[in-house]
Student: 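Okay, here's the structure, questions in a sec.
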Amino acid sequence: MMLLDFTVMEGVQVAWLAPAACILAFVLIVSLRMFDSKIGSVISIVAIASGFAIFLYVFGQFNESGPAEFAREWFTIGSTKITLGMAIDQLSVVMLGVITFVALLVQIYSVSYMEEESRFGWYFGVHSLFAASMLILVLANNLLLLYVAWELVGLCSYLLIGFWYEKRSASEAAKKAFITTRIGDVGLLIGIILLYRTAGTFDTSTIIHIAQEGGFADSTLMAAVLLIFLGAMGKSAQFPLHVWLPDAMEGPTPVSALIHAATMVVAGIYLVARIFPLFEVADPSLTVVAVVGLSTAVIAASIALVMTDLKKILAYSTVSHLGFMMLALGSGAYVVAMFHLFTHAFAKALLFLSAGSVDHGTGGKRDIRQLGGLRKKMPITFVTFSIGALALAGVPPLGGFFSKDEIMMAVMDGRHPVFFLIAIIAAFMSSVYMIRALILVFFGDLKPENQEAHESPALITAPLLILAGISLVAGLVLSGWQDFFNAKHHDINFLVLALSLLASLGGLFLGWAIYSKEWISSRDVAAKFGDLEKYASNGYYLDVGYQWCIDRIVLVVARIVSLFDRIVVNDVAVNGTGYSVFLSGFKLRYVETGKVYNYALAMVVGILVVGLTIYWGLI
Amino acid sequence: MGSTQESGTEGGVLTESLVVFLIISVVCVAGGLGVVFSRNVIHATFLLLVSLMGVAGIFLLLLAEFLALVQVLIYGGAITIVVLFVIMLTKSDEFESLVDNSQKPLAFLISIGLFVVMTVAAIAADNGNTVRASLKFSDLGHSLFTDWAIPFEVASLVLLVALIGAIVISKQGEEE
Amino acid sequence: MSLVHFQILSAALFSIGLYGVLARRSAVLILLSIELMLNAVNINLIAFSAYTESLASTGQVIAIFVITVAAAEVGLALAIIINLFRSKGSVDIDKIDVMRW
Amino acid sequence: MTNFWLFIPEFTITALAFGVIGADLFLARENKKYLPWISSIGLIVVLGIALNYLLGKQENLYGGLFLIDDFSMFFKVFFLILGLLVVLISSEYVKNHIKHPGEYYGILIFSILAMMLMAASGELLTAYISLELLSFCLYVLVASGRYGEKSTEAGVKYILLGAVASAFMLYGISQIYGLVGTTKFADMNLVLVAENSSALDLGLIMGIVFIIGGLAFKIAAVPFHMWAPDVYEGAPTPITAYLAVGSKAAAFALILRMMSSGFISIMEDWQMVIIVIAALTMTLGNLVALAQNNIKRLLAYSSIGHVGYLLMGVVAMTPLAFDGIMLHLVGYGVTNLACFMCIIMLYNSTGRDDVAGYAGLADRSPFLAMSMAVALFSLAGLPFFAGFTTKFYLFTAVANEGLIWLVGLAILNSLISLYYYLMVIKSMYIDPSEDTTVLVFSRYSLSVLGILVVFIFLVGVYPGPLVELIQEASQSLFSYIP
């Protein structure tokens, strides 16, 4: 193969260079031990920037010549050839773009954000490795390679969450993320092996082809698809495997932005989209996806309402939006899910990076009760955060509005109206918590201890502004998006449109009413926002009513849910599993007494048990 | 392949050979029990010798004269002596307090269980054959050096390794 | 007198030896018990070879190897036990549990 | 008349062992450092001779006692290379910690011979006596550590338990011999097929189970594993590596041949039991490993876990699964040797073999820490390392036979194992060390380690040629089945 033939190459033949560049960066940083120097960051940024350039080239080629695939043989299992290869199609091109672009911005941002850290170079090294594995994950043309990358991505996430390992909570969180996602990964690998058993290949397109021809037994396909979905649930933090994601906020904020908001956590969404035809063939499986997505969206949103840590609010919001994406997938509209993935990636990365900027500017404060009134001190961050928040809340004409609206229409089309109603409630809640965060952080009185707050340097604000710009205009690519995926345009359903708009704006208004009333006196409100004063005073009853509702219903429910989340899911299911594994390990070791005759007894009993079992045909 | 010899009779009558067998068996088993129950290690070693000589007698009953000879020579002439040497070298008075360990009851149960299983297996598989065949020395030798030449050579290496090993290991404590 | 008698004797010796292995505390006594087990094997082998014409010499040949291995085993094990005694002053199995858990 | 040229590797390696022991007698103390060179060059010569004379030969000597085929050839080469590597990783350790280098290498070479014989034997007695030769060599090697340390204790435990296991195995052989009437695997299969025994009688079951028990002791499968952690901890470290790889591989070679050509017709009877043993072995190994703080003990439990994976392949009983076992043995072997090389190097310079001794290793010796991390990642089965490819092949082959839940358990166990490997890696890279002196290693050690690390990547990234060799080997094994 002529790798360096500078005549026009197919995109797919160049695509692999993007992850290769990042791996090279990682190897360079680690092997030259540039853990403390700034050169590490330069290498890493150059690598990811060239990745982005490759994306542009690949994208251009793709527009000309369409999907392509290439593979080389790795080894054979029996008569099956295991190949490694890359595939370029709509899905992977989109992901390639999102990953390289967001990663590039986040890394630039990190240069300033992380500059005080020791292990600065290590941070960038792992970032490069992460980028490489994420790129391999989306480019892989077969499930095996995908799985390989999937594991590597998880490893990088582990390393980055635990970056401040000196902090106990950080290493605990890293461990929890590791164990929780692993539960899903077991399912994923078994699912893949199940598919391989029948198909005799790991090649994604071949497997899909076989499935569509009816080559799989129904039960096998169903089991495989659900097991793979379990993997997606772990990675994409779907209820009840979502518990690791809020804790993952112990990592550095840029990491949260890149990995735990924009890229890695959407791997599950990507995976389901990638093998979407399998879900279609294994019919009821999409219902499972929809139900899981919907419950995730609602539950996480209600928890986000009562969180006080800014990053946790964003984290639960991420979980909730991942739920929306799953819901869209479950409603049969993977193009829409990908679109929401796209708008959400920019908006949420923007929010996280803005939160990081707040953090940076105020000397590490993340509790929204201690913040407030920062809009004067940090104007750029204020603007960018607002854009992100409004985009997520679904305010037209920002990106989030279009994608959320598309999801609502897809749900209305593909699922029972009840799904739609619940989804509207979740959307409503997401407006409320976004505006809550916005108000509590940037409006109101500046706390005396925050007088020193300052705007962040240009290396931090520049990525914010770029992302904000994209979030502003992201919605406009919608029609191009659907053409790109050859998807049908949804007929605009005005009822749906109106309801979803109502949910967004209503949520904003409600949040505004509650949170500005609670923190600022009404006179201040009257003085500063004359227009709103009437609403606020007129809405007093509403205010009390909603407050009551929130106190008595939403809060109670949310507390119960979050209690459930803490105790049942977190402590019992996740930590409990972990602890019982450890406990049994620690107990079992005492079997090993060190005494020869005990060992001999175990052997003899073993022999007798085995012999008699066989004799009596017990098993 | 050698001569065959009628022995025993029908109907479970006590024949001479059966009586001999029973006597030798009692010696074997009693010796064995002595080995595992004796409180004195020197006694245990001698009782082992008794039991193994009984085994040699069993070999004779089974018309395996060569094996009986080997048994007497190796166990009586070598192994027991070596064990006694070692006991002398180590502190034999320690053995007075060194009797049985804490899992003795369990050990008893397991051994009885194994014995029952093995006996049941033996009885179930019994084909009632009462004809014994003996083997000429020369046949045994021939077979050992032709058919079984490889294991034979390997066995010699086993002995060599054990020899070297024993020397190396017991020399370890010196010159320290 | 038939095959089964010898087999029962062999079973008895094997079980007695096993009891010794499981119940004794002195390394030397465990070793002696193992010798009993190996002899039980030999009885079994020779009984089979004597009572089954077709099996011919194989049983005796195997028995010779068993005796060889048994002798070598005793030699080597005793050397190790002596070394143990020199370094710990005891051949008590209960005392050689530095390595556990 | 037997063609004695077919024994040429065995003859030459025996001569080599004698040569090394003899040379030791004549070499002055300061010249003993040449012993590992003599041994390794000798082993390379034997390897060359074996490849030259025996490659592709298909012979059946002494009526099936001794088989020369692709399977035994594969293992011969594997064991010779393994022996070579063990000699290489031993050399610095032996210089510092072993009193009788000549005997050490000589017996090591005898044990390689024993393993070669085990892989080639087609009959119970030959297999047994070769196994016994291997065991004796290992007893000596295990107990040959420095006086007064854990080595003797390990030796006593190993030889006493080994003798019990071998007594059981012998009883099993005698039962098989008496009831089946032959000790040759191929004939055993014929008899068992002819009997077509739907319900086996107790005596026969006893025979088979006792033999399996003896072999299970060798590979340290639950509940016959209990000696392994103690012996691994106490033995001289290169010997621990050798035990974990060599004696297991040899026992597996024997098990594969015996099961596939001897007991395959009564497969249903023992299959389920081995499934249970495999499940128990992998679970127990990995769980208890979580609680260890001595690195050798930790690897002992990890190797018990690996035996569980390998046993799955025995259950599956297909050429594909056997490929998987052999491939995993190779991958695991290389990885384990690399891991132990790191342990030896650290032990030689700091005298530590507890996990805490690895704190801050990344700062004290980056290369060592990196190699150790590579080896541990490979053991955990992370992609692009040997462990992933080989484990994946094995798991897929087993899943192909429909044992999905077992494979699921194995995957779960691999994930658990990743956790304790990561603890070591974390300790190396993250925990601060009380001693921060930079460790300096000889160029020799570093290059041996480098070679092993390269092997790990090679098997992980480009396993193609190896897989082809292994496929030929396992095909020859299954060609014996009528």
Side-chain angles (χ1 to χ4, degrees), chain C residues 3 7 10-11 14 17-18 21-22 27 30-31 33-49 51-52 54-56 58-59 61-63 65-66 68-70 72-88 91 93 95-101, chain D residues 123-126 128-129 131-133 135-136 139-140 142-144 147-164 166-184 203 206 210 226 229-234 288 291-294 296-297:
Chain C
L3 176 58
Q7 283 193 297
S10 157
F14 196 81
L18 180 66
V21 170
L22 295 182
I30 291 180
L31 200 59
S33 308
I34 292 171
E35 291 307 307
L36 277 181
M37 292 171 81
L38 292 176
N39 274 276
V41 171
N42 275 353
I43 295 180
N44 206 27
L45 278 169
I46 297 189
F48 271 129
S49 90
Y51 279 100
T52 319
S54 60
L55 297 184
T58 309
V61 171
I62 300 179
F65 287 117
V66 174
T68 316
V69 167
E73 212 157 56
V74 169
L76 188 53
L78 286 176
I80 297 178
I81 290 172
I82 287 189
N83 211 19
L84 177 78
F85 179 78
R86 283 205 206 131
S87 64
K88 304 221 172 199
V91 292
I93 290 292
K95 289 188 188 144
I96 59 161
D97 57 357
V98 173
M99 290 178 293
R100 55 183 164 171
W101 300 325
Chain D
E123 188 263 350
L124 280 174
L125 179 61
T126 318
Y128 169 75
I129 201 84
L131 181 75
E132 212 55 36
L133 178 59
S135 303
F136 273 67
Y139 300 151
V140 176
V142 164
S144 68
Y147 176 75
E149 288 189 359
K150 295 170 177 170
S151 176
T152 312
E153 184 177 324
V156 173
K157 284 182 179 171
Y158 193 23
I159 194 168
L160 289 181
L161 290 168
V164 175
S166 104
F168 271 98
M169 194 172 165
L170 275 173
Y171 203 94
I173 292 174
S174 74
Q175 287 294 108
I176 295 285
Y177 155 75
L179 297 175
V180 181
T182 175
T183 53
K184 287 173 188 158
M206 234 167 65
F210 281 15
M226 299 181 84
D230 292 2
V231 172
Y232 282 27
E233 186 186 338
V288 183
Q292 298 305 320
N293 30 34
N294 176 296
K296 283 160 83 178
R297 234 177 145 74

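Labels below follow one simple rule: chain letters A, B, ... track the order of the sequence lines, proteins then strands, and each chain is numbered from 1.
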Student: Would you mind telling me which of D:S135, D:G162, D:G155, D:A163 has the largest number of heavy-atom pairs within less than 4.5 Å of chain C?
Tutor: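 Among D:S135, D:G162, D:G155, D:A163, the one with the most close pairs to chain C is D:A163.
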
Student: Taking all atoms of both residues into account, what is the closest heavy-atom pair of C:I81 and C:A27, and its distance?
Tutor: CD1-CB, 3.8 Å

Student: What residues, two or more places apart in sequence or in another chain, satisfy salt bridge (Lys or Arg N to Asp or Glu O under 4.0 Å) together with D:E233?
Tutor: D:K150, D:R297

Student: Under 4.5 Å, counting heavy-atom pairs only, tell me which of D:K157, D:E153, D:Q175, D:M226 racks up the most with chain C.
Tutor: D:E153

Student: Is D:L170 close to chain C through its backbone or its side chain, or both, or neither, when contacts mean heavy atoms under 4.5 Å?
Tutor: both

Student: Test D:T152 against C:R86 for side-chain contact (heavy atoms from CB on, under 4.5 Å), laying out the working first.
Tutor: CA-CA 10 Å; D:T152 312; C:R86 283 205 206 131; over 6 Å; no

Student: Report which part of D:L160 has an atom under 4.5 Å of a heavy atom belonging to chain C: side chain, backbone, both, or neither.
Tutor: both

Student: For C:F14, check ring-ring contact (aromatic ring centres under 6.0 Å, His included) against everything at least two apart and list the hits.
Tutor: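 Per chain and number, C:F14 pairs via ring-ring contact (aromatic ring centres under 6.0 Å, His included) with D:F168, D:Y171.
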
Student: With a 4.5 angstrom heavy-atom cut-off, is it the side chain or the backbone of C:A72 that approaches chain D, or both, or neither?
Tutor: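 Looking at C:A72, backbone and side chain both touch chain D.
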
Student: Would you check, one step at a time, whether the test side-chain contact (heavy atoms from CB on, under 4.5 Å) holds for D:M169 with D:L131?
Tutor: CA-CA 11 Å; D:M169 194 172 165; D:L131 181 75; 3.5 Å; yes

Student: What part of C:I34 gets within 4.5 angstrom of chain D, counting heavy atoms only: side chain, backbone, both, or neither?
Tutor: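 Just the side chain, heavy atoms under 4.5 Å.
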
Student: Is it the side chain or the backbone of C:V21 that comes within 4.5 Å of chain D heavy atoms, both, or neither?
Tutor: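 Contact with chain D involves the side chain of C:V21 alone.
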
Student: Working note: D:L125 + D:I173, criterion side-chain contact (heavy atoms from CB on, under 4.5 Å); need CA distance, chi angles, decisive distance, verdict.
Tutor: CA-CA 8 Å; D:L125 179 61; D:I173 292 174; 5.8 Å; no

